[in-house]
Engineer: 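Shown below is the structure under consideration.
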Amino acid sequence: MHKQPVGPVLVVIAHGSRDPRHAATVHALVRRVRSLRPGLRVETGFLDFNIPSVQGVLESLAAEGVRDVVALPLLLTRAFHAKADIPAVLRDAPRHLRIRQAEVLGPSPLLLSALERRLYEAGLTPADKSSTGVVLASAGSTDPEAIAVIADIAREWRHTGWCAVRPAFASAALPRTEDAVRELRALGCSKVAVAPYVLAPGFLPDRIARGSAEADVLADVLGPAPEVARLLLRRYEEQVAAVRVPLAGRAAVSA
């Protein structure tokens, strides 16, 4: 038996992958979120490949009598999954659930802090910043908005003291990681580091790693970094604060 949750149940919605490292990383992140907020019930559902499915989680919650849910996309940008896939799944949820879709995680200063954490864990120090060029390597998207956001993040991050920061994409857009590494070498940066702007291991992160062969440093994926866990809670709290009055009728699916 679950204790009565304080506030709406948080349902973290992950993409899913055939790579077992993906689900393991997602679960590690969710465990950290639970440790930060013991009174909050947090469940995990996957869009594809892994169980439990999002639909299965929502049906189980409804069967228990849960009424209020905040659905949080475990995504860094507002691309197709956030705009289409997840709202479609939530529309098919049990009718009496009141569901609010939280914002995606990025962009956020907390993610920049997590990226730097991973770079320092990989061997860099704050003293290296001014001489190090960084490749902000994302999975990529066909959504122009998502691509523009990555470019904006790279520009913002450059202003924190790095020699240079260049965006790169593992799919659907250019440049690739290896091309961005070479560009930073040509700029004269003493070191080149690759910071994967991805949450969990899988096919595209592996492609980023292969493209980092000529870099000096390859950071780990963001995974269960403390800053990412805090950001999940922040997105949850923002959505709860945005709707203080009871929702009428069918679930409100909003972003």
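Values below: every heavy atom of this structure, side chains too, minus hydrogens, waters and symmetry copies. These figures come from a predicted structure and were not determined experimentally.
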Engineer: In this structure, would Leu184 and Trp162 fall into the same cluster of hydrophobic residues linked by side-chain contacts under 4.5 Å?
Structural biologist: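 Not linked; separate clusters.
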
Engineer: Ion pair present between Arg118 and Asp220, side-chain N to carboxylate O less than 4.0 angstrom?
Structural biologist: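 Looking at Asp220 together with Arg118, the answer is no, because their closest N to O distance does not fall below 4.0 Å.
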
Engineer: Would you indicate whether the side-chain heavy atoms of Leu40 and Arg34 approach each other to under 4.5 Å?
Structural biologist: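 A side-chain contact under 4.5 Å is absent here.
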
Engineer: Compare every heavy atom of Pro175 with every heavy atom of Pro167, then report the nearest pair and how far apart it is.
Structural biologist: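 So the two residues come closest at O-CG, 3.4 Å.
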
Engineer: Side-chain contact test, heavy atoms from C-beta onward, threshold under 4.5 Å: evaluate it for Leu58 versus Leu90 and give yes or no.
Structural biologist: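 Side chain of Leu58 against side chain of Leu90, heavy atoms only: contact under 4.5 Å found.
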
Engineer: Output, in order, the C-alpha distance, side-chain angles, deciding distance and verdict of salt bridge (charged side-chain N to carboxylate O under 4.0 Å, His left out) for Arg18 and Asp48.
Structural biologist: CA-CA 9 Å; Arg18 293 186 178 91; Asp48 208 353; over 6 Å; no

Engineer: Same cluster for Leu75 and Val57 if Ile/Leu/Val/Met/Phe/Trp/Tyr side chains link at under 4.5 Å?
Structural biologist: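 Linked within one cluster.
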
Engineer: Just to verify, what does Glu156 make a side chain to side chain donor-acceptor pair (under 3.5 Å) with, not counting sequence neighbours?
Structural biologist: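 Counting only residues at least two positions away or on another chain, Glu156 forms no side chain to side chain donor-acceptor pair (under 3.5 Å).
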
Engineer: At their closest point, which heavy atom of Ser190 faces which heavy atom of Arg185, and how far apart are they?
Structural biologist: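 Minimum heavy-atom separation between Ser190 and Arg185: O-NH1, 4.0 Å.
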
Engineer: Hey, could you give me the CZ/CZ distance between Arg32 and Arg37, rounded to the nearest 0.5 Å?
Structural biologist: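 Taking CZ in Arg32 and CZ in Arg37, the distance rounds to 15.5 Å.
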
Engineer: Please report the interatomic distance CD1(Ile86) to CZ(Arg91), rounded to the nearest 0.5 Å.
Structural biologist: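 Here the rounded value is 11.5 Å.
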
Engineer: Are Arg166 and Asp179 close enough for a salt bridge, meaning some N to O gap below 4.0 Å?
Structural biologist: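 Looking at Arg166 and Asp179, the cut-off is not met.
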
Engineer: Measure the shortest side-chain to side-chain distance between Leu119 and Val134 over non-hydrogen atoms and say whether it is less than 4.5 angstrom.
Structural biologist: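 In contact.
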
Engineer: Using a 4.5 Å cut-off on heavy atoms from C-beta on, say whether the side chain of Asp19 contacts that of Phe203.
Structural biologist: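 Sidechains of Asp19 and Phe203: no contact.
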
Engineer: Output the distance between atom CZ (Arg210) and atom OG1 (Thr177), rounded to the nearest 0.5 Å.
Structural biologist: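 Arg210 CZ to Thr177 OG1: 10.0 Å, rounded to 0.5 Å.
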
Engineer: Considering only heavy atoms from C-beta outward, does the side chain of Val221 approach that of Pro201 to under 4.5 Å?
Structural biologist: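 Yes, their side chains come closer than 4.5 Å.
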
Engineer: List the steps, then state whether side chain to side chain contact (heavy atoms under 4.5 Å, CB included) holds for Val217 with Val194.
Structural biologist: CA-CA 6 Å; Val217 172; Val194 175; over 6 Å; no

Engineer: Sub-3.5 Å donor-acceptor pair from the side chain of His22 to the main-chain atoms of Gly202, do we have one?
Structural biologist: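 No, His22 side chain to Gly202 backbone: no donor-acceptor pair under 3.5 Å.
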
Engineer: Report yes or no: do Val228 and Leu10 belong to one cluster of Ile/Leu/Val/Met/Phe/Trp/Tyr joined by side chain heavy-atom distances under 4.5 Å?
Structural biologist: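 As far as the 4.5 Å side-chain criterion goes, Leu10 and Val228 are connected within one cluster.
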
Engineer: Should Tyr236 and Val26 be regarded as members of a common hydrophobic cluster, given that ILVMFWY residues are connected when their side-chain heavy atoms come within less than 4.5 Å of each other, either directly or indirectly?
Structural biologist: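 In one cluster: yes.
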
Engineer: Strictly distance-based, threshold 3.5 Å: is any side-chain N or O of Asn50 a donor or acceptor partner for the main-chain N or O of Ala23?
Structural biologist: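 It does not hold such a pair.
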
Engineer: Using the rule that Ile, Leu, Val, Met, Phe, Trp and Tyr join whenever any side-chain heavy atoms are under 4.5 Å apart, tell me whether Leu61 and Val89 fall into a single cluster.
Structural biologist: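 In one cluster: yes.
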
Engineer: Could you give the distance from OG (Ser17) to CG (Leu47), rounded to the nearest 0.5 Å?
Structural biologist: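 Ser17 atom OG to Leu47 atom CG measures 12.5 Å (nearest 0.5 Å).
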
Engineer: Quick one: does Arg176's side chain have a donor or acceptor within less than 3.5 Å of a partner on Ala173's backbone?
Structural biologist: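 At least one qualifying donor-acceptor pair exists.
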
Engineer: Could you give me the CA-CA distance, side-chain angles and deciding distance for Phe46 and His27, then say whether ring-ring contact (aromatic ring centres under 6.0 Å, His included) is met?
Structural biologist: CA-CA 11 Å; Phe46 296 89; His27 290 310; 5.7 Å; yes

Engineer: Taking only Lys NZ, Arg NE, NH1 and NH2, and the carboxylate oxygens of Asp or Glu, determine whether Glu145 and Lys83 approach each other closer than 4.0 Å.
Structural biologist: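 Salt bridge present between Glu145 and Lys83.
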
Engineer: Of the non-hydrogen atoms in Phe169 and Ser138, which two are nearest, and what is the gap between them?
Structural biologist: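 Heavy atoms only, the tightest pair is CD2-OG, 3.1 Å.
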
Engineer: Does this structure show an ion pair linking Glu238 with Arg235, if we count only N-O contacts that are shorter than 4.0 Å?
Structural biologist: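 Salt bridge present between Glu238 and Arg235.
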
Engineer: With no hydrogens and no angle check, is any side-chain donor or acceptor of Thr132 less than 3.5 Å from a backbone partner on Lys129?
Structural biologist: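 Between the backbone of Lys129 and the side chain of Thr132 there is no qualifying donor-acceptor contact (under 3.5 Å).
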
Engineer: Is the shortest side-chain N to carboxylate O distance from Asp206 to Arg21 below 4.0 Å?
Structural biologist: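 Between Arg21 and Asp206 there is a salt bridge, with a charged N closer than 4.0 Å to a carboxylate O.
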
Engineer: Taking side chain as C-beta onward, heavy atoms only, is Thr77 less than 4.5 Å from Val104?
Structural biologist: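 No. Closest side-chain heavy atoms not under 4.5 Å.
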
Engineer: Ignoring hydrogens and geometry, is there a side-chain-to-backbone donor-acceptor pair from Asp68 to Leu97 under 3.5 Å?
Structural biologist: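 No; zero donor-acceptor contacts below 3.5 Å.
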
Engineer: Minimum heavy-atom separation for Ser212 and Leu218, please, with both atom names.
Structural biologist: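 Nearest heavy atoms, Ser212 then Leu218: OG-CD1, 3.5 Å.
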
Engineer: I'd like to know whether Val11 forms a side chain to side chain contact (heavy atoms under 4.5 Å, CB included) with Leu72, so could you lay out the CA-CA distance, the side-chain angles of the two residues, the decisive distance to 0.1 Å, and finally the verdict.
Structural biologist: CA-CA 6 Å; Val11 175; Leu72 197 160; over 6 Å; no

Engineer: Please walk me through it: do Arg230 and Leu36 pass side chain to side chain contact (heavy atoms under 4.5 Å, CB included)?
Structural biologist: CA-CA 8 Å; Arg230 293 204 303 270; Leu36 293 175; 4.0 Å; yes

Engineer: Is there a donor-acceptor pair under 3.5 Å between the side chain of Gln101 and the backbone N or O of Ala82?
Structural biologist: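 Answer holds: yes.
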
Engineer: Which of these passes side chain to side chain contact (heavy atoms under 4.5 Å, CB included) with Leu105: Leu222, Leu110, Leu232?
Structural biologist: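 Exactly one candidate clears the test, Leu232.
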
Engineer: To the closest 0.5 Å, what do you measure between CD1 (Ile13) and OG1 (Thr44)?
Structural biologist: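 So the gap between those two atoms works out to 10.5 Å.
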
Engineer: Under 3.5 Å, side chain of Arg100 to main-chain N/O of Val70, donor-acceptor pair present?
Structural biologist: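 No: the side chain of Arg100 does not pair with the backbone of Val70.
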
Engineer: For Val42 and Val30, which heavy atoms make the closest approach, and how far apart are they?
Structural biologist: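 Heavy-atom minimum between the residues: CG1-CG1, 3.7 Å.
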
Engineer: So does Arg182 pair up with Glu214, basic N to acidic O under 4.0 Å?
Structural biologist: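 Answer for the salt bridge query: yes.
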
Engineer: Taking the side chain from Ser141 and the backbone from Ala146, do they hold a donor-acceptor pair closer than 3.5 Å?
Structural biologist: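 Not confirmed, Ser141 side chain does not pair with Ala146 backbone.
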
Engineer: Do the side chains of Arg41 and Glu43 get close enough for a salt bridge, i.e. N-O under 4.0 angstrom?
Structural biologist: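 Yes, charged N to carboxylate O under 4.0 Å.
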
Engineer: Thr25 versus Leu199: any side-chain heavy-atom pair under 4.5 Å?
Structural biologist: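 When only atoms from C-beta onward are counted, Leu199 and Thr25 do not touch, as no gap falls below 4.5 Å.
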
Engineer: Which atoms form the tightest heavy-atom contact between Val198 and Ala139, and what is the distance?
Structural biologist: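 Closest approach of Val198 to Ala139: CG1-N, 3.9 Å.
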
Engineer: For Arg158, give me all partners under side chain to side chain donor-acceptor pair (under 3.5 Å), at least two apart in sequence or on another chain.
Structural biologist: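 Side chain to side chain donor-acceptor pair (under 3.5 Å) list for Arg158, sorted by chain: empty.
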
Engineer: Does a side-chain heavy-atom distance below 4.5 Å link Leu187 with Cys163?
Structural biologist: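 Contact flag for Leu187/Cys163 side chains = no.
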
Engineer: Can you tell me how far the CG atom of Asp92 sits from the CD atom of Glu59, to the nearest 0.5 Å?
Structural biologist: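 These two atoms lie 9.5 Å from each other.
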
Engineer: Donor-acceptor pair, distance only, cut-off 3.5 Å: does the side chain of Asp128 make one with the backbone of Thr125?
Structural biologist: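 Judged by distance alone, yes, a pair lies under 3.5 Å.
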
